[in-house]
Amino acid sequence: MEYPLLGQIDSPKDLKKLSVGQLPMLCEEIHSFLIESVSKTGGHLSSNLGIIELTVALHYVFSTPEDKFVFDVGHQCYTHKLLTGRREGFAKLRKLDGLSGFPAPDESEHDAFIAGHGNTALSVAIGMARAKKLKKEPGKVVAIIGDGAMTGGMVYEGMNNIDTLNNLIVILNDNKMSISKNVGSLARHLTILRTSPDYNRAKASTETILSAIPLVGHPIIHLLQSGKMLLRRGIYHSTLFEEMGFQYLGPVDGHDVSNLCGLLRNLKTQVAPVFIHAVTIKGKGFKPAEENPGEFHGVSSFDPAHITDPDVAPAASFSTVFGTYLVELAQTRPQVCAITAAMKYGTGLQYFYRQYPERFFDVGMAEQHAVTFAAGLASQGITPVVAIYSTFLQRAYDQMIHDVCLMNLNVLFAIDRAGLVPGDGETHQGIYDPAYLRQIGIRTISPCNYNELRYWMEQLIDHAEGPRAIRYSRGAQNSALEEMECSGNLYDSYPAVEGQKSQIALVGYGSHIADLLQAQKSLLEKGIHVDVYKLVQIHPLPEGFCKALAEYHSILFAEECIRAGGIGEAVEASLAEHGWSGRFIHKAVETSSVVPHATVPEIKAVLGLDAESIAQQVEGELN
């Protein structure tokens, strides 16, 4: 497909050569480009389609990197990347050695900050704006936050510290509703008036003159300000933001690129922190994404011309198996509730929501609240199942310790996207939960396939007490493991030769067992015998497990987890306590490692956790 205007833009300077009248056509080209590109590579679609016009207007008016754009969350940065010289990189979006799907300062000077998790942009932007003041640097700092971020407490903590930063602009990308009645001629006219430099100069002059009048000057100023505030509250419903110290502007149409350019241009001479409320449509212009933005939030490659309803025949995955089986369990267990933090579709809980809406709770982008809320439910005899991605659950570490563990409350954590995660890079890896769950004493199960997932879900709901967790990979079960039956044991062993014990054992857990079995197979073809042990309960270590391992001369423990504090360290320490003095090799993610955005097999190869690397390690030890 040809893109006459977009094809001319290799930097923000090229964008500024276009007329304002050409910008709507450019936005249409970007819309088509994103659908064409993401349908081939996968990525975040609906959120990016909803912010095209706003991003174009920002780059048309401001100049990065002098001006800083901080995205919250960063997956809405695709248009920003297109306008900053990275169009050709979209062919390898989220692929190994390709373009990151998030802002990456090491990728471009136009990316101000890494932004993989939500609620962070305002705090970062305030820090940057304050730094500009301290260093006496020019330029604005713009935080672009979604309405989902407004459900997290960190945004309000940031608002409490905006002070008088007149180089700070916050834009709320509100895509939860259609264009409201306030986005009309009156609101639009008043917004233009209030951002006009002439208006602000006249306002300041009037206040200066009145303040010089003895006795009555300041009361008159207060009266005028009170009257304006009442008017604004009636038209804009802006009480909260005004009282936090912002100059509130909006709601404005987030898809009117010409009007946005005029509004932003007027803010070149702002007198206070500004909060712009831009109303947008998530997935705008692409009907399937508009109708079901949750399903098109993050997508694999797809055919735009032949899209089926994902709710009718969803692809099997750990998430969907978890979600559908939880519905089955809840039918005869009225005390079971489900909690998620703005990830209903991602965690597979849409099925529970449809069946039991009164027992389903989406608390928004507020993982800390989700965990403490679950603690409150559990303290009253309810059995909450808290389904959160591994990378996001780490944000609630303190709440898990203080609000759940100290009282030994009956909370089940369903940890999705555990282990290595494809595409999203270092900000979204599920490599920390085994270490920190072990540190705080939470019993943790790591199933390798759907059979184990279903069995242990039921066991953890019916026959376990206190805090416990079940963690599972993103996507579908490994084809090499799908026929493996669930033994119900806390660990299983797979000898190279039935009835014989080898001298070397390969040990791991979860989906990574497929790599260990593949390494075992390739070594056996070379006449090298190694046994494989699969941990199912990774903490606490099962009784008898280390005693069984102590019979081997060498042990290689491999895990998709950070090395420091990981399960391998626990196994090595336990073996030492048993007096074992053999050779222990721990292959895990090093603290210094940068996990690339790539497929999981590619990530494993980079980190030395794939079957080939494991087999080579064993051969090296033997030699």
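Here the structure is a predicted model, which is why all the values come from computation and not from measurement.
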Carefully, step by step, assess Ile461 and Leu412 under the rule side chain to side chain contact (heavy atoms under 4.5 Å, CB included). CA-CA 7 Å; Ile461 287 176; Leu412 173 58; 3.8 Å; yes

List the residues meeting side chain to side chain donor-acceptor pair (under 3.5 Å) with Glu590, not counting sequence neighbours, and say none if there are none. Arg563

Which residue pairs pass the salt bridge (Lys or Arg N to Asp or Glu O under 4.0 Å) test when at least one of the two sits in residues 481-493, sequence neighbours left out? Asp492-Lys534

For the side chain of Asp72 and the backbone of Asn119, is there at least one donor-acceptor N/O pair under 3.5 Å apart? yes

Derivation of the side chain to side chain contact (heavy atoms under 4.5 Å, CB included) call for Phe545 and Ser574: CA-CA 10 Å; Phe545 175 68; Ser574 181; over 6 Å; no

Report yes or no: does Lys587 contribute a side-chain atom to a donor-acceptor pair with the main-chain N or O of Gly608 at less than 3.5 Å? yes

Mind checking salt bridge (Lys or Arg N to Asp or Glu O under 4.0 Å) for Lys604 and listing every partner two or more places apart, or none if nothing turns up? Asp515, Glu560

Applying side chain to side chain contact (heavy atoms under 4.5 Å, CB included) to Val170 and Ile145, what does each step give before you reach the verdict? CA-CA 7 Å; Val170 178; Ile145 65 177; 4.0 Å; yes

What's the separation between atom OG in Ser319 and atom OH in Tyr472, rounded to the nearest 0.5 Å? 6.0 Å

Heavy atoms from other residues, nucleotides or ligands near OH of Tyr432 exceed 12 (cutoff 6.0 Å): no

Donor-acceptor under 3.5 Å (Glu36 side chain, Ser39 main chain): no

Side chains of Arg86 and Asp111: does their closest heavy-atom pair fall under 4.5 Å? yes

Residue pair Leu45, Tyr78: steps toward the side chain to side chain contact (heavy atoms under 4.5 Å, CB included) verdict: CA-CA 9 Å; Leu45 184 60; Tyr78 290 8; over 6 Å; no

If we count only N and O atoms by modelled type, under 3.5 Å, do the side chains of Thr55 and Thr79 hold a donor and an acceptor together? no

Single hit among His402, Gln439, Gln368 for side-chain hydrogen bond (donor to acceptor under 3.5 Å, both in side chains) with Tyr397: Gln439

Does any non-hydrogen side-chain atom of Pro467 lie less than 4.5 Å from one of Asn408? yes

For the residue pair Phe352 and Tyr356, is the inter-centroid distance of their aromatic rings smaller than 6.0 Å? yes

Going by side chain to side chain contact (heavy atoms under 4.5 Å, CB included), name the residues that satisfy it together with Glu458, two or more places apart in sequence or in a different chain. Tyr325, Leu329, Arg333, Asp462

Under the 3.5 angstrom rule, does the side chain of Tyr491 hit a backbone N or O of Tyr533 as a donor-acceptor pair? no

With Leu420, the side-chain contact (heavy atoms from CB on, under 4.5 Å) member among Arg474, Gln429, His512: Gln429

Between Asn449 and Leu481, is there a donor-acceptor pair closer than 3.5 Å when you use the side chain of the first and the backbone of the second? yes

Is it the case that atom OH in Tyr436 sees more than 12 heavy atoms from other parts of the structure closer than 6.0 Å? yes

Residue pairs involving residues 358-373 (criterion salt bridge (Lys or Arg N to Asp or Glu O under 4.0 Å); sequence neighbours excluded): Glu367-Arg395

Can you name the closest pair of heavy atoms from Ala469 and Ile442 and give their distance? N-CG2, 3.9 Å

If the condition is salt bridge (Lys or Arg N to Asp or Glu O under 4.0 Å), which residues does Arg438 pass it with, not counting sequence neighbours? none

Donor-acceptor under 3.5 Å (His539 side chain, Ile567 main chain): no

Within the structure provided, determine whether Ile513 and Asn478 are in side-chain contact (heavy-atom separation under 4.5 Å). no

Can you tell me how the ring of Tyr389 sits relative to the ring of Phe392, calling it parallel under 30°, perpendicular over 60° and tilted otherwise? parallel

If we ignore angles and hydrogens, is there a donor and acceptor under 3.5 Å between the side chains of Asp610 and Ser613? yes

Results of side chain to side chain donor-acceptor pair (under 3.5 Å) for Gln399 - residues two or more places apart only: none

Tell me if a side-chain donor or acceptor on Gln518 pairs with a main-chain N or O of Ala514 at a distance below 3.5 Å. no

Between Val421 and Ile603, is any pair of side-chain heavy atoms under 4.5 Å apart? no

Geometric class of the Phe557/His586 ring pair [parallel <30°, tilted 30-60°, perpendicular >60°]: perpendicular

Can you find a pair of side-chain heavy atoms, one from Ser47 and one from Lys282, that are under 4.5 Å apart? yes

Rounded to the nearest 0.5 angstrom, the CD-OG1 distance for Gln335 and Thr383 is 4.0 Å

So Arg468 and Asn410, do their side chains get closer than 4.5 Å, heavy atoms only? yes

With sequence neighbours excluded, tell me which residues meet side chain to side chain donor-acceptor pair (under 3.5 Å) with Glu612. Gln616

Who passes ring-ring contact (aromatic ring centres under 6.0 Å, His included) against His31, sequence neighbours left out? none

Sequence neighbours excluded, the answer for side chain to side chain donor-acceptor pair (under 3.5 Å) partners of Thr391 is His117

Can you tell me which residue pairs pass the salt bridge (Lys or Arg N to Asp or Glu O under 4.0 Å) test with a partner in residues 415-435, sequence neighbours excluded? Arg94-Asp424, Asp433-Arg471

Just wondering, do Phe90 and Thr41 contact through their side chains at under 4.5 Å, heavy atoms? no

Between Ser100 and Phe102 (side chain of the first, backbone of the second, donor and acceptor by atom type, cut-off under 3.5 Å), is there such a pair? yes

Checking the side chain of Ser123 only, and the main-chain atoms of Thr120 only, is there a donor and an acceptor separated by less than 3.5 Å? no

Heavy-atom pair with the smallest gap, counting every atom of Gly89 and Leu99: O-CB, 3.5 Å

Interatomic distance, Lys284 atom NZ to Leu49 atom CG [nearest 0.5 angstrom]: 10.0 Å

Determine yes or no for a side-chain-to-main-chain donor-acceptor pair under 3.5 angstrom, with Thr347 supplying the side chain and Met343 the backbone. yes

Measure the spacing between CG of Leu437 and OG1 of Thr444 and express it to the nearest 0.5 Å. 4.5 Å

With a 4.0 Å cut-off on N to O distance, would you call Lys81 and Glu107 a salt bridge? yes

Would you say that Leu326 contacts Val336 through its side chain, given a criterion of any heavy-atom pair below 4.5 Å between the two side chains? yes

From Leu453 CG over to Ile445 CD1, what is the distance, rounded to the nearest 0.5 angstrom? 11.5 Å

So, taking the atom named OG in Ser379 and the one named CG in Leu409, what distance separates them when rounded to the nearest 0.5 Å? 6.5 Å

Contacts of type side chain to side chain contact (heavy atoms under 4.5 Å, CB included), residue Cys486, not counting sequence neighbours: Asn451, Glu452, Tyr455, Trp456

